[in-house]
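A short worksheet on the structure shown next.
Note that these values count all heavy atoms, side chains included, but never hydrogens, waters or copies made by symmetry. Ligands are counted one by one from 1 in listed order, and the atoms in each one are counted from 1 as well. In this text, all values refer to a predicted model and were calculated from it rather than measured experimentally.
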Amino acid sequence: MTRIDDLPIRDELRGKSPYGAPQLDVPVRLNTNENPYPLPEPLVRRIAERVTEAARHLNRYPDRDAVELRTELAGYLTRTTGHPVTTSQVWAANGSNEVLQQLLQTFGGPGRTALGFEPSYSMHALIARGTGTGWISGPRCEDFTIDVAAAREAIAEHRPDVVFVCSPNNPTGSAVAAETVLALYDAAQAARSATGGALVVVDEAYVEFSHRPSLLPLIEGRPNMVLSRTMSKAFGAAGLRLGYLAADPAVVDAVQLVRLPYHLSAVTQATALAALEHTDTLLAYVEQLKSERDRLVTELRGIGHEVVDSDANFVQFGLFDDAHAAWQAILDHGVLVRDNGVPGWLRVTAGTPAENDAFLDAVRAVRKERSLKENKR
Ligand SMILES: *Cc1c(COP(=O)(O)O)cnc(C)c1O
């Protein structure tokens, strides 16, 4: 049997495994930060209508520049942040992962580096690898916040071409203060002043769940600042695959140098446009999920767990001597959470109230089993 490594693949891909949370068939799945609520029926019908209309023209290529969709996304950003955003400042692709890939194809690549503060979203490093961009793991404090002084030092030392800031940070949960992002931006520009600065990408996949306002206004007057967003989390449309960015129009022009022509199908554009007609209903779920997230934080602390403050639709909790064993024990009670490989910690997505109750029951049961074991020793 031929194995991957028998093929003439790129050296940096040898021995690596693909990204992926286990997709196990268990009653309660709280491991991938999806929205637990299916789309409302009126929206499902509206999607069917718009897709039907799009189907009448599938003999033609879609709008290559997705102008109508980008205009609606700009309108959504303007309405929700109070900061005016134009169509020319917005770009959309198949999930924010593709947006990030296009950014690294444009601003990273062989001979260039990207830096992220870990633990963070593991796809940043994986997309760097896939685009031949060198990866530098930057530091965080014990409490998972970004230590500005240490971060500045790392940027000055490594002079990365691209800096990732995930706010709210996945998997730890907290949002980043605007002053911190500005300090990192200035440091990154200073470190690469001879080559026109460095791109700073703020990944706001979870910002709709945050206590802090969006960092979107920071793009104004900062052509090397990019904000990335997704419809996979707050919009409850992970299956749609629609991500977008907001930045200076020059950045939008630049990514068009690498994007595949007609990358965003007419069906995707029609579906996303239908979803954007229903932002109010979709964001109503966000309020419910935020209060469930807050309940998880309070109850986990009540049980005796350490919990990182969360601005997202998930909660990082610990501390475990052996996080993987704890993950398995919770799974044995029918609840799938996520082991992101952060020593001592696990991550749980806020689900429906019933799912969260099942999770909390599982955690209590696991603690009881463990203390029984301890007593027997
Ligand atoms: C889930 C997630 C994304 C979303 O990726 P899509 O490709 O839009 O589904 C992006 N960034 C972070 C940090 C995430 O956790």
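Taking 4.0 Å as the cut-off between side-chain N and carboxylate O, D309 and R301 count as a salt-bridged pair.
Using a 4.0 Å cut-off between heavy atoms, K233 contacts ligand 1 through its side chain alone, with no backbone atom that close.
Taking the six-membered ring for Trp and the full ring otherwise, the centers of F235 and H278 sit at least 6.0 Å from each other.
Residue-to-ligand polar distances place R241 within reach of ligand 1: an N/O pair is separated by less than 3.5 Å. Looking at ligand 1, you won't find any N or O of H124 less than 3.5 Å from one of its N or O atoms. When only interatomic distances are considered, the shortest N/O to N/O separation between N97 and ligand 1 falls below 3.5 Å.
Using a 4.0 angstrom heavy-atom cutoff, S96 counts as in contact with ligand 1. In this structure, A238 has no heavy atom closer than 4.0 Å to ligand 1. Contact between N33 and ligand 1 is absent, with no heavy atom of the residue lying under 4.0 Å from the ligand. Look at E98 and you'll find every heavy atom at least 4.0 Å from all atoms of ligand 1.
At distances below 3.5 Å, not a single donor-acceptor pair connects side-chain atoms of N94 with backbone N or O atoms of E98.
Environment of CZ in R50: crowded, with over 12 heavy atoms of neighbouring residues, nucleotides or ligands closer than 6.0 Å. Atom CZ of R60 sits in a sparse spot, with 12 or fewer heavy atoms from other residues, nucleotides or ligands closer than 6.0 Å. Atom CG of N59 has more than 12 heavy atoms from other residues, nucleotides or ligands within 6.0 Å.
Close contacts of ligand 1 with S232, meaning ligand atoms under 4.0 Å from a residue heavy atom, involve 6 (P), 8 (O), 9 (O). Per-residue contacts place A205 under 4.0 angstrom from the following atoms of ligand 1 (heavy atoms of the residue considered): 2 (C), 3 (C), 10 (C), 11 (N), 12 (C), 14 (C). Every atom of ligand 1 with a heavy atom of C166 under 4.0 Å away is listed here by number and element: 13 (C).
Residue, atom and distance of the protein heavy atom nearest to atom 15 (O) of ligand 1 are Y206 OH, 2.6 Å. The protein heavy-atom contact nearest to atom 11 (N) of ligand 1 is D203 OD2, 2.7 Å.
Looking at F209, F359, W345, Y206 one by one, the single match for ring pair (Phe, Tyr, Trp, His ring centres under 6.0 Å) with F314 turns out to be Y206.
For the pair R295 and V315, the minimum side-chain heavy-atom distance is 4.5 Å or more.
With no hydrogens or angles considered, a side-chain donor-acceptor pair links N224 and Q189 at under 3.5 Å.
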